[in-house]
Number of protein chains: 2
Amino acid sequence: MGSNERREREKQQVRQRILEAARELFVKQGYEAVTMRQIAQKIEYTPTAIYFHFKDKEELLKELCGQDYRKLAGVFQDLGSVRDPLQRLYQLGLAYMDFGLQFPNHYRLMFMTPRPHPLHDEELVQKGNPVEDAYEFLRTTVSECLIWGYMRPEYKDPELISQMLWAAIHGLTSLHIVLSGDKWIQWRPVRKIAEAMLDTQIRGLTTRDAGAKIDKSGVLEVVAKSPLMMKAATTKKRSGTAAKSTGKKRK
Amino acid sequence: MGSNERREREKQQVRQRILEAARELFVKQGYEAVTMRQIAQKIEYTPTAIYFHFKDKEELLKELCGQDYRKLAGVFQDLGSVRDPLQRLYQLGLAYMDFGLQFPNHYRLMFMTPRPHPLHDEELVQKGNPVEDAYEFLRTTVSECLIWGYMRPEYKDPELISQMLWAAIHGLTSLHIVLSGDKWIQWRPVRKIAEAMLDTQIRGLTTRDAGAKIDKSGVLEVVAKSPLMMKAATTKKRSGTAAKSTGKKRK
DNA sequence: GTGTTAACTTAACGCTGTTAAGTATTTGTT
DNA sequence: AACAAATACTTAACAGCGTTAAGTTAACAC
């Protein structure tokens, strides 16, 4: 009776080996190109053995996606420690793109595949959907930027700003997943494009007093000049010049 | 001997019927889900008959994409009449998105379907590729913006700027094609997001002297303040102040 | 009329995801 | 210890896929 545990343990071990093999192959060749027989061969089992652990090929991908969803949520969670919302916004964009390029197949399934069956079936709906969580994290950050007074007065709707920023970085990510091999376009380093994009968007969004610039180490340095910005600027570099502000107000 | 023409004509007719059937099915079910046997059945031929007209399944997709690329290039061509490059850039973005949202399935085939093998092999290389054409139109416009002195000095690479702008508007377009029905996100009107995005990007890209703003009628109004901007501002509104330009040169 | 070519069809190959049925091995019950 | 049941697989096979080799039929050239 007692060795049920060992049986279960061994089963989970095989299950894990299947997932690892599948992940490695999916990442290398893409979901469609990978065959069940390939996966089976890699773990030295028969193809049918996989079906004892997973319903079908798609469930393999779903399980792996679930892992990555949680991973993305984790990455976002870590960015919670970045105090300054504008800096956080920037890091958020880079982290999102990194995630997409690291797991292009999972990213494809998440955001590039028109779903016949809506994005969330039933189970995932209830217990805090990760996609929604990630979006909410973005929206919260944008809202904070508004509260901190970073944004130009014509930008008021955090939802619209969030969607705009998400769309932009998603575009770069997805375009590179699909067309990065296209030799007709002399692609610039995707990281450079992302940095330019975030830089441009943030400059376009923020007031002139709160210009944002990236220094060489890749850290966003928020240059705050208006009185409202004072506490904002003192997150990382506690600069002595902060108190010197003239307190000028626009309009 | 004379009826060779008719033979050729009939062949092209069948070829066209294959393409139409393939397009309809690709659009409805997506490239991977469509089988050669389905296409054949639709035109009441044997699956093998298709292979007399096309090398393989992928060539079907390539041909259809080519058609759409040319269509997009046509839309872009019409924008050649807009003199001011900054204004043209803005209109370009909106036209691109409109095209994508009007023909979402075509757009999917063009920019959202991961290609098994790189986009263009050899034949399409020679006769001015349409994707390249559309992209080149964008790049040319960006280059003109640089020449006209619109851009901030830190932006110098038209390739990078073009890729950034393309990615951003593509992201909005593709995200809406895939997720506009998602109830988890309270989508703002996509046109509003596009306008905000272009507005933001252009403001972030340009010098303070050449701020760009959109008036209520949706027409981009270039606000030129620096001497260099004088002629730029006179595209639609022929203002009498144009001749006053001092003709100062930058750098 | 004969031979050639064009435009197909029939049949088949090797591959795919998946399943039904069989086989040991381990487990729980008597 | 004996026996049934469940577990964790394997073997064999199915239907369907993209694609090809070989055969067929009709239209053409001479």
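Because the structure is a prediction, the values reported are computed rather than measured. Just so it is clear, the values below take in all heavy atoms, side chains as well, and ignore hydrogens, waters and symmetry mates. Residue numbers start from 1 in every chain, and the chains themselves are labelled A, B, ... in the order their sequence lines are given, proteins ahead of strands.
Between the C1' atom of D:dT20 and the CE atom of B:M36 lies a distance of 12 Å, rounded to the nearest Å. When rounded to the nearest whole Å, the span between CD of A:E44 and C1' of D:dA8 equals 17 Å. Look at CZ on B:F54: it is 16 Å from C1' on D:dT19, rounded to the nearest Å. The nearest whole Å value for the distance from the NZ atom in A:K55 to the C1' atom in C:dT18 is 11 Å. Rounded to a whole Å, the CZ atom of B:R15 is 17 Å from the C1' atom of C:dC8. When rounded to the nearest whole Å, the span between CD of A:E32 and P of C:dG17 equals 11 Å. The distance from atom CG of A:D56 to atom P of C:dT16 is 17 Å, rounded to the nearest whole Å. One can place CD of B:Q12 at 12 Å from P of C:dC8, the figure rounded to the nearest angstrom.
Considering only side-chain atoms of A:K11, the nucleotide from D:dC17, D:dA8, D:dC9 that sits closest is D:dA8. When the nucleotides C:dA7, D:dT10, D:dA8 are ranked by their closest atom to the side chain of B:F52, C:dA7 comes out on top. Comparing atom distances between the A:V14 side chain and each of D:dC9, C:dT9, C:dT18 picks out D:dC9 as nearest.
Considering every non-hydrogen atom in both A:A196 and A:T200, the closest pair reads O-OG1, 2.6 Å. Counting all heavy atoms, side chain and backbone alike, B:C145 lies closest to B:L86 at SG-N, 3.6 Å.
Residue B:T46 is in base contact, counting any heavy-atom pair closer than 4.0 Å across all strands shown.
Within the structure, every side-chain polar atom (N or O) of B:H53 is placed at least 4.0 Å from both OP1 and OP2 of C:dA7. Contact between the side-chain N/O atoms of A:K57 and the OP1/OP2 oxygens of C:dT18 is not found at any separation under 4.0 Å. For B:Y51, no side-chain nitrogen or oxygen approaches OP1 or OP2 of D:dT20 to under 4.0 Å.
The existence of a salt bridge linking B:D133 and B:R70 is excluded, since no basic side-chain nitrogen approaches an acidic carboxylate oxygen closer than 4.0 Å. Here B:K62 does not pair with B:E59 in a salt bridge; the nearest charged N to carboxylate O distance is not below 4.0 Å.
Put simply, the side chain of B:R88 gets close to the backbone of B:V82: a donor and an acceptor are under 3.5 Å apart.
Side chain A:T48 to base C:dT18: no donor-acceptor pair is found below 3.5 Å. Contact of B:R37 with D:dG16 (side chain to base): no donor-acceptor pair of N or O atoms is detected under 3.5 Å.
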